[in-house]
Amino acid sequence: MLIRPSDPLTSSETTPESMYLNRREFLAAAGILGAGLVAGAAPRPAGAQDPQAVGKPFGLQSDDKPTPWKDVTGYNNFYEFGTDKSDPAEYAKGFVPRPWTVQVDGLVAKSGQFQLEDFLKPSVVEDRIYRHRCVEAWSMVIPWRGIMLADVLKRAQPTPAAKYVEFTTLHDAKRMPGQRSGVLQWPYVEGLRLDEAMYPLVLLATGVYGRDLPNQNGAPLRLVVPWKYGFKGIKSIVRIRLVDKQPRNTWNLSAPQEYGFYSNVNPEVDHPRWTQAKERRIGEFARRPTLMFNGYKDQVASLYSGMDLRQNY
Ligand SMILES: Nc1nc2c(c(=O)[nH]1)N[C@H]1C(S)=C(S)[C@@H](COP(=O)(O)O)O[C@H]1N2
Ligand SMILES: [Mo]
C-alpha cells in the first residue's frame, strides 16, 4: 500500500468545494488512486465453493486475506432476520429484493424515487476489498462490489443547508420477520456527516465476491464505510435523505451510552463492556490488534481534526 508522507486533505479543504472535485482528482488527492497491491494477487480463498476475490484492495495489511465466502455470507448481523449470527443466512433465504425503490429526498435540488436499476445505471460499478470491523470485536476482509455514494449525492445536488445524510432500511414486517420483535426500533436508521458521506472510500454496495449481494448481506443495496464499526453499514436501504441536523442512528437510540453517532473504529476508546484494542479475525485463532480508523487513518483522520474522539465516539 502506497503511504503518502502526509494527508493532502487538510480540514480547510474538506469544504463543499472539495466535495465537487471530479472523482479522479478526489481519489488522487486522498491517496486512494494508485494505492494497493496488484489486483489478483490475493490467493484463492479456501473452500471449493468460494468465488475468487476480485477488485482492488484498499487499506489492507500484507497479511490480510479475503475472508472465505462461507463466513462473509454465513456469519453476520441483520436483526431484521434474527439476532444470532447464523440467523440472517437462514431466515433471509426467502426475501425477494426486487422490485426495489430508492427514495432520495430532503435538502437536495433533485429529489426522486428510483427503481433500483435506474438508481444504479449512471454510476460506475467497482470491486474493492475492504477491512470490516464489527463493534463486537470480530473482523473480516470483504470483497465488495458497488458504486460510490458520492456519485449518488452529487447527482441529487445537496443544497447549502444539507449537512448530514440519513439512511433508512426497508420496514416491512411481513418480509423481515425480526421486525415483529421489539429488539430494536424499526426501521433501522443510520447517518453520516455530509463530508464523510462524500468521501471516496464510501460505497453503496450491490455485491460481494463479484456476485449480487446475498440477502443476508443487505440486498439489494447497503452502505459500506470501512473506517467505522460495522453497524454503520446499514442494509437493504430504501431511503437516502439529506438533512441539516445530525440524524439519530439505531444503535445510538438503543444504547446511547454505548454507541454514538461517529462510531469510528478506535482501539483507544473501549466499549463500556469490552476492549476495542483487539479483534478476532473470523477464521483466525490469535486476536489481532485493532488499527486506528480500521487501518484507514492516512485517508480519513483529517475528517476529524480538532475533534475529541473520546467525546465523539
Ligand atoms: N438494517 C440493518 N443493517 C445492519 C445491521 C442490522 O441489524 N440491520 N447490522 C449491522 C452490523 S452490527 C454489522 S457488523 C453488519 C454485518 O453485516 P455484513 O457482514 O454483511 O457487513 O451489518 C450492519 N447493518
Ligand atoms: Mo456489527
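When a ligand or atom number is given, it counts from 1 through the structure's own listing order.
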Report, in ascending order of atom number, the atoms of ligand 1 lying under 4.0 Å from any heavy atom of Arg222. 18 (P), 20 (O), 21 (O), 22 (O)
Do me a favour and list the nearest non-hydrogen protein atom to atom 17 (O) of ligand 1 with residue, atom name and distance? Lys235 NZ, 2.7 Å
Inspect the surroundings of CD in Gln257 and state if more than 12 heavy atoms from other residues, nucleotides or ligands are less than 6.0 Å away. yes
Numbered in order shown, the ligand 1 atoms found under 4.0 Å of a heavy atom of Thr169 are 1 (N)
Atom 19 (O) of ligand 1: which of Ile282, Asn76, Asp71 has the nearest heavy atom? Asn76
Short list, please: which atoms of ligand 1 are under 4.0 Å from a heavy atom of Gly233? 4 (C), 22 (O), 23 (C), 24 (N)
Here's one to test your reading of the geometry: is the NZ or CZ of Lys232 within 45 degrees of the ring axis of Phe261 and under 6.0 Å from its centre? yes
Can Lys85 and Asn76 be counted as having a side-chain donor-acceptor contact under 3.5 angstrom? no
Is there a path of hydrophobic side-chain contacts, each under 4.5 Å between heavy atoms of I/L/V/M/F/W/Y residues, joining Trp186 to Leu253? no
Check each heavy atom of Glu136 against ligand 1 and say whether those closer than 4.0 Å belong to the side chain, the backbone, both or neither. neither
Hey, are Arg98 and Glu117 close enough for a salt bridge, meaning a charged N less than 4.0 Å from a carboxylate O? yes
Report yes if the distance between the aromatic ring centroids of Tyr229 and Tyr259 is under 6.0 Å, otherwise no. no
Determine whether the side chain, the backbone, both or neither of His132 has a heavy atom under 4.0 Å from any heavy atom of ligand 1. side chain
What are the atoms of ligand 1, with element, lying closer than 4.0 Å to any heavy atom of Cys134? 14 (S)
Residue-level breakdown please: for Lys232 versus ligand 1, do any non-hydrogen atoms fall below 4.0 Å on the side chain, on the backbone, on both, or on neither? neither
Which residue and heavy atom of the protein sit nearest atom 6 (C) of ligand 1, plus the separation: Tyr188 CE1, 3.4 Å
Applying ring-ring contact (aromatic ring centres under 6.0 Å, His included), name anything that partners Trp100, two or more places apart in sequence or on another chain. none
Within the side chain of Arg131, is there an N or O that forms a donor-acceptor pair under 3.5 Å with the backbone of Asn294? yes
Heteroatom proximity flag, Asn217 to ligand 1, N/O under 3.5 Å: yes
Give the residue, atom name and distance (to 0.1 Å) of the protein heavy atom nearest atom 8 (N) of ligand 1. Glu80 OE1, 2.8 Å
Does an N or O from Trp251, backbone or side chain, lie closer than 3.5 Å to an N or O of ligand 1? no
Check each heavy atom of Tyr79 against ligand 1 and say whether those closer than 4.0 Å belong to the side chain, the backbone, both or neither. both
Check whether any N or O atom of Asn77, backbone or side chain, sits under 3.5 Å from an N or O atom of ligand 1, and answer yes or no. yes
What residue and heavy atom of the protein are closest to atom 15 (C) of ligand 1, and at what distance? Gly230 O, 3.7 Å
Does this structure show an ion pair linking Lys163 with Asp244, if we count only N-O contacts that are shorter than 4.0 Å? no
Let me check something: do Trp144 and Leu201 share a hydrophobic cluster, defined by ILVMFWY side-chain heavy atoms less than 4.5 Å apart, either directly or through other members? yes
